[in-house]
Amino acid sequence: MTDETPGSARPGGTVYGRGGVDARPARPAGPPRALTAIAGAGIVAVIGLAFVAWNSTGGKAETPAAIPVPASAAVSSPSPSASPSPEAPPTLAAGSWLVSPHGEPGAYLTVAGDFATVSAEPAALTVVTGLADDTCFSFRTGDDRYLRHFDYRLRFATAGDSDLFRADATFCREDGAEPGAFLLRSKNYPQHLLHRRDDGTLYIDEPTGDAAAFTFTVQPAG
């Protein structure tokens with residue numbers, strides 16, 4: 001017989017102990033199973049996309065594009081050297097020269113007695129600084145006679161110690177229309193140029209339309 005205190009009766013049918021209500025602390029609630037499944041599927045998709053991208057490059061790192069080389073840095077083949085320009089013809093200066101009418105390289109200013117003339121026989125003349133003007137020229141033969149004008153005609157005479165002689169024997173060069181060609185202007189008759197007349201004699205004359213008759217060239221005396 002069981003001693004039961006009044007007022008402490010246990011409800012019928014209730015079992016106490018391990019088979020009754022679990023008295024252990026409740027586990028914390030985790031994320032819902034559906035959310036976990038969605039997160040896992042996303043991770044798998046990202047891994048799949050990464051594999052596809054890697055596989056599309058052949059499983060190799062992409063090679064960087066080549067850097068273009070500026071045109072200025074390109075090495076070009078050397079261009080053929082330009083052919084040298086033809087040598088300029090000589091023109092009047094101090095030295096030893098053969099003086100010819102322009103366009104007649106086989107004719108030469110020379111001496112005929114006391115007068116200047118044009119001949120096929122070469123005659124070297126020494127060209128020196130002008131006796132009356134050091135920017136001009138005087139012409140001397142091998143026997144020390146100077147070309148001068150007297151009564152407008154050109155002749156060769158022994159140097160005289162006078163201003164008149166020095167001025168008569170001085171001629172100033174002016175460039176002609178063609179390379180190497182020149183005109184000779186009288187120092188003391190500046191309106192007159194050395195002129196070859198039709199008969200081959202030489203005078204100082206005022207210029208006319210026949211420019212060639214007033215133009216001369218030189219060749220080095222050999």
> In terms of hydrophobic clusters joined by side-chain contacts under 4.5 Å, are F171 and W97 together?
Replying inline: yes
> Between A181 and T217, what is the shortest heavy-atom contact and its length?
Replying inline: CA-CG2, 4.1 Å
> Between L183 and L194, is there a shared hydrophobic cluster once you connect ILVMFWY residues whose side-chain heavy atoms come closer than 4.5 Å?
Replying inline: no
> Distance-only, no hydrogens or angles: does the T170 side chain make a donor-acceptor pair with backbone N or O of S138 under 3.5 Å?
Replying inline: no
> Is the number of heavy atoms from other residues, nucleotides or ligands under 6.0 Å of D210 CG greater than 12?
Replying inline: yes
>> Between Y146 and L109, is there shared hydrophobic-cluster membership here, with clusters defined by ILVMFWY side-chain heavy atoms closer than 4.5 Å?
In response: no
>> Taking side chain to side chain contact (heavy atoms under 4.5 Å, CB included) as the definition, give me every residue that meets it alongside T126, ordered by chain and number, with sequence neighbours left out.
In response: V128, R140
>> Could you go through T215 and F182, starting from their C-alpha distance and side-chain angles, then the distance that decides it, and tell me whether this counts as side chain to side chain contact (heavy atoms under 4.5 Å, CB included)?
In response: CA-CA 6 Å; T215 308; F182 59 90; over 6 Å; no
> Does anything in residues 99-118 pair up under ring pair (Phe, Tyr, Trp, His ring centres under 6.0 Å), and if so which pairs, sequence neighbours excluded?
Replying inline: none
> V127 and L92: side chain to side chain contact (heavy atoms under 4.5 Å, CB included), yes or no, with the steps?
Replying inline: CA-CA 8 Å; V127 179; L92 185 66; 3.9 Å; yes
> Mind checking whether C136 and R173 have side chains closer than 4.5 Å, heavy atoms only?
Replying inline: no
> What do the steps show when you test L125 against T110 for side chain to side chain contact (heavy atoms under 4.5 Å, CB included), and what is the final call?
Replying inline: CA-CA 8 Å; L125 297 175; T110 188; over 6 Å; no
> Less than 4.0 Å between a side-chain N and a carboxylate O, is that true for R166 and D161?
Replying inline: yes
> Ignoring hydrogens and geometry, is there a side-chain-to-backbone donor-acceptor pair from R185 to P190 under 3.5 Å?
Replying inline: yes
> Taking only residues two or more places apart in sequence, or in another chain, which ones meet V111 in a side chain to side chain contact (heavy atoms under 4.5 Å, CB included)?
Replying inline: T141, R145, F156
> Which pairs, with at least one residue in residues 190-222 and sequence neighbours excluded, count as a ring pair (Phe, Tyr, Trp, His ring centres under 6.0 Å)?
Replying inline: Y152-H192, Y189-H192, H195-F214
>> Using the rule given for side chain to side chain contact (heavy atoms under 4.5 Å, CB included), can you reason through S100 versus Q219, listing the C-alpha separation, both sets of side-chain angles and the distance that settles it, and then say yes or no?
In response: CA-CA 8 Å; S100 300; Q219 305 169 53; 3.6 Å; yes
>> Working to the nearest 0.5 angstrom, can you tell me the gap between Q191 CD and I204 CD1?
In response: 10.0 Å
> What pair of heavy atoms forms the shortest contact from T91 to G180, and how long is it?
Replying inline: OG1-O, 3.6 Å
>> Could you work out, with side chain to side chain contact (heavy atoms under 4.5 Å, CB included) as the rule, every residue matching A221, not counting sequence neighbours?
In response: S96, L98, A124
> What are the two closest non-hydrogen atoms of H149 and S186, and how far apart are they?
Replying inline: NE2-OG, 3.4 Å
> Going by an N to O cut-off under 4.0 Å, is there a salt bridge joining D133 and K187?
Replying inline: yes
> Is there a path from L154 to L131 through hydrophobic residues (I, L, V, M, F, W, Y) whose side chains come within less than 4.5 Å of each other?
Replying inline: no
> Sequence neighbours excluded, which residues qualify as side chain to side chain contact (heavy atoms under 4.5 Å, CB included) partners of D199?
Replying inline: R197, T201
